[in-house]
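Below: the structure, in structure tokens.
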Amino acid sequence: MHCPYCRHTDSRVLDSRVSEDGSSIRRRRQCQSCERRFTTLEQIQLMVVKKSGAIEPFNREKVIAGVRKACKGRPVTDADLAKLGQSVEDALRASGVSEIPAQDVGVAILGPLGELDAVAYLRFASVYNHYQSVDDFIAEIQRLQEMSDPAGSI
């Protein structure tokens, strides 16, 4: 950690506090050289492990862009997509793991997307789950209907 005033590399932590949501730590520091105080905010960097084995930083905008394609022509606003992106990121951070398989990112998207729009959910799920036939769609639609109407009434 470099001091923002003198660029010295040694500082002492005076106080540490975890944020309310637990996603970051605020630290009050004092430079050992110039003795000035400054605050740092530390966050866990989420990394996504792709199927190929490549690792890249989690990008909420990439999640939103993928979901936006599934929502094309649907009554879903940019605010809805932003909220979905935030809920996906929150769910991944809550797992407490810093390296997340790409498969888990997709699973984290499916839940909130199903609540947002059933048609967009089917579009996303058809690509994500690699549907091979019409029967796959029918089975998923039946599952959605059972979830939305558990009593079986129409």
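Hydrogens, waters and symmetry mates are skipped; everything else that's a heavy atom, side chains included, is used.
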Legend entry - Residue list, salt bridge (charged side-chain N to carboxylate O under 4.0 Å, His left out) with Arg29, at least two apart or on another chain: Glu42

Legend entry - Met1 CE to His8 NE2 distance, which is reported to the nearest 0.5 Å: 14.5 Å

Inset, instruction - Tell me whether Val67 is reachable from Val119 by hopping between hydrophobic residues (I, L, V, M, F, W, Y) whose side-chain heavy atoms are closer than 4.5 Å. - result: no

Inset, instruction - Using the rule that two of Ile, Leu, Val, Met, Phe, Trp, Tyr join whenever any of their side-chain heavy atoms come within less than 4.5 Å, decide whether Leu110 and Leu144 are in one cluster. - result: yes

Legend entry - Co-membership, hydrophobic cluster, residues Val13 and Ile25, 4.5 Å side-chain: no

Inset, instruction - Determine the minimum heavy-atom distance between Pro57 and Gln45, stating which atoms define it. - result: CB-NE2, 3.3 Å

Legend entry - side-chain contact (heavy atoms from CB on, under 4.5 Å) partners of Leu46, counting only residues at least two apart: Phe58, Glu89, Leu92, Arg93, Ile100

Legend entry - Residue pair Leu81 / Ile64: nearest heavy atoms and the distance that separates them: O-CG1, 3.6 Å

Legend entry - Within one Ile-Leu-Val-Met-Phe-Trp-Tyr cluster: Val48 and Val107, side-chain cutoff 4.5 Å: yes

Legend entry - Atom of Leu41, atom of Ser24 and distance for their closest heavy-atom approach: CD1-OG, 3.8 Å

Legend entry - Pairwise distance OG1(Thr40) to CZ(Arg26) - rounded to 0.5 angstrom: 9.0 Å

Inset, instruction - Not counting sequence neighbours, list each pair that qualifies as a salt bridge (charged side-chain N to carboxylate O under 4.0 Å, His left out) and has a residue in residues 131-143. - result: Glu140-Arg143

Inset, instruction - Looking only at non-hydrogen atoms, find the nearest pair between Phe124 and Gly66 and report the distance. - result: CD1-O, 4.4 Å

Inset, instruction - Evaluate the side chain to side chain contact (heavy atoms under 4.5 Å, CB included) criterion for residues Asp104 and Val97: first the C-alpha distance (whole Å), next the side-chain angles of each, then the deciding distance (0.1 Å), finally the verdict. - result: CA-CA 11 Å; Asp104 292 355; Val97 180; over 6 Å; no

Inset, instruction - May I ask you to test the Tyr121-Leu116 pair for a side-chain heavy-atom distance under 4.5 Å? - result: no

Legend entry - Expected output: side-chain Asn129 to main-chain Tyr131 donor-acceptor under 3.5 Å: no

Inset, instruction - May I ask you to list the residues sharing a hydrophobic cluster with Leu14, side-chain cutoff 4.5 Å, ordered by chain and number? - result: none

Legend entry - Residue pair Leu84 / Val76, side-chain heavy-atom distance below 4.5 Å: no

Legend entry - Nearest atoms (heavy-atom pairs only) where Ser16 meets Arg27: OG-NH1, 2.7 Å

Inset, instruction - Sequence neighbours left out, what passes side-chain contact (heavy atoms from CB on, under 4.5 Å) with Tyr5? Give chain and number order. - result: Cys3, Cys34, Arg36, Phe38

Inset, instruction - Could you note down all residue pairs passing salt bridge (charged side-chain N to carboxylate O under 4.0 Å, His left out) where residues 74-86 supplies at least one of them, sequence neighbours left out? - result: Arg68-Asp78, Arg74-Asp117

Legend entry - Rounded distance [0.5 Å steps], CZ in Arg37 versus CZ in Arg28: 6.5 Å

Legend entry - Worked verdict on Val88 versus Arg60 for side chain to side chain contact (heavy atoms under 4.5 Å, CB included): CA-CA 8 Å; Val88 168; Arg60 186 186 323 162; over 6 Å; no

Inset, instruction - Verify, without hydrogens or angle tests, whether Gln30 (side chain) and Glu35 (backbone) share a donor-acceptor contact under 3.5 angstrom. - result: yes

